[in-house]
Asks: 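The following block contains the structure, expressed as structure tokens.
Heavy-atom basis, side chains included; hydrogens, waters and symmetry copies ignored. Order of appearance sets the numbers: ligands from 1, and atoms from 1 within every ligand.
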Amino acid sequence: MKPTMPQLQHRIVPSLLSANFGHLARDIKIMQDAGAASVQIDVMDGHFVPNITVGPVVIEWLRKETSIFLDVHLMIENPQDYIGPFAKAGSNLLTVHWEACQDPVSVIREIKKLGVKAGMAIRPKTPADVFTPILKELDYALVMTVEPGFGGQAFMPEMLEKVRTLRKRIDEVSLACELQVDGGINLKTAKEAADAGATSLVAGSAVFGAPDPAQAFRALQKLIQ
Ligand code: DX5
């Protein structure tokens, strides 16, 4: 008898890239009070992506301010050189990009040795097949639904095929891997992404760009529940 798949939990993950960088701890508290279980922090180095954001020191200070799960998305080159400082700073999840890793499996294992959850992300041009040798080692598989680097971009519906493929692969071998999408998630696209099989949906401008971010978060969360 085919094992019954557990009911998938769908969660919206607010992305702090669109939050007020002068009041990050306050904006995290607003999300936590609204029911968010985690927030994503986008780390950019100006090389892997044409933008620069934060380093481990910011995670360290935020860690002192909040108990929330810190999902840290590393859009940087040579991530293996920085996973130590980001883990030490208090990250709960470190997601590195497949395109930035010479040996993806060893980077994932290094992250896990640091006692942190491990995720792998792919850019829009990268096929889902690159996940095949790594999937069973991952806590999170992230399919970018925009070109990484900036918030407020349009969702790429052509990425949903990758989400469906990965959902099928994860279910076939009943892996405990979260399937995450990131970029252009809003009231129009969230349901499509959840129906395609995503369980973790990162949303930046649709939350923090709204007049009432807490209400916007709750509306998105309700839509995919
Ligand atoms: C983009 C980041 C995303 C971004 C999403 O490179 O990885 O997390 O903040 O923002 P929206 O939801 O506005 O596309």
Asks: Side-chain contact test, heavy atoms from C-beta onward, threshold under 4.5 Å: evaluate it for K136 versus V173 and give yes or no.
Replies: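 No - every pair of side-chain heavy atoms lies 4.5 Å or more apart.
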Asks: Taking side chain to side chain donor-acceptor pair (under 3.5 Å) as the definition, give me every residue that meets it alongside K191, ordered by chain and number, with sequence neighbours left out.
Replies: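 Result, side chain to side chain donor-acceptor pair (under 3.5 Å) vs K191: D195.
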Asks: What residues sit with at least one heavy atom under 4.0 Å from ligand 1?
Replies: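 Within 4.0 Å of ligand 1, the protein residues are S15, L17, Q40, D42, M44, H73, M75, M144, P148, G149, F150, G151, G152, D182, G183, G184, V202, A203, G204, S205.
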Asks: Mind checking side-chain contact (heavy atoms from CB on, under 4.5 Å) for A216 and listing every partner two or more places apart, or none if nothing turns up?
Replies: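 Result, side-chain contact (heavy atoms from CB on, under 4.5 Å) vs A216: A210.
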Asks: Donor-acceptor pair, N186 side chain versus A206 backbone, under 3.5 Å?
Replies: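 Side chain of N186 to backbone of A206, a donor-acceptor pair under 3.5 Å: no, none is there.
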Asks: Return a table of donor-acceptor pairs under 3.5 angstrom between the side chains of residues 80-92 and protein atoms on other chains or two or more places apart.
Replies:
unit_1	atom_1	unit_2	atom_2	d
S91	OG	F86	O	2.7
N92	OD1	R63	NH1	2.8
N92	OD1	L70	N	2.7

Asks: Check each of L74, I76, N78, L142 against V96 using the side chain to side chain contact (heavy atoms under 4.5 Å, CB included) test, and report the only one that passes.
Replies: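 When side chain to side chain contact (heavy atoms under 4.5 Å, CB included) is applied between V96 and each of L74, I76, N78, L142, only L74 qualifies.
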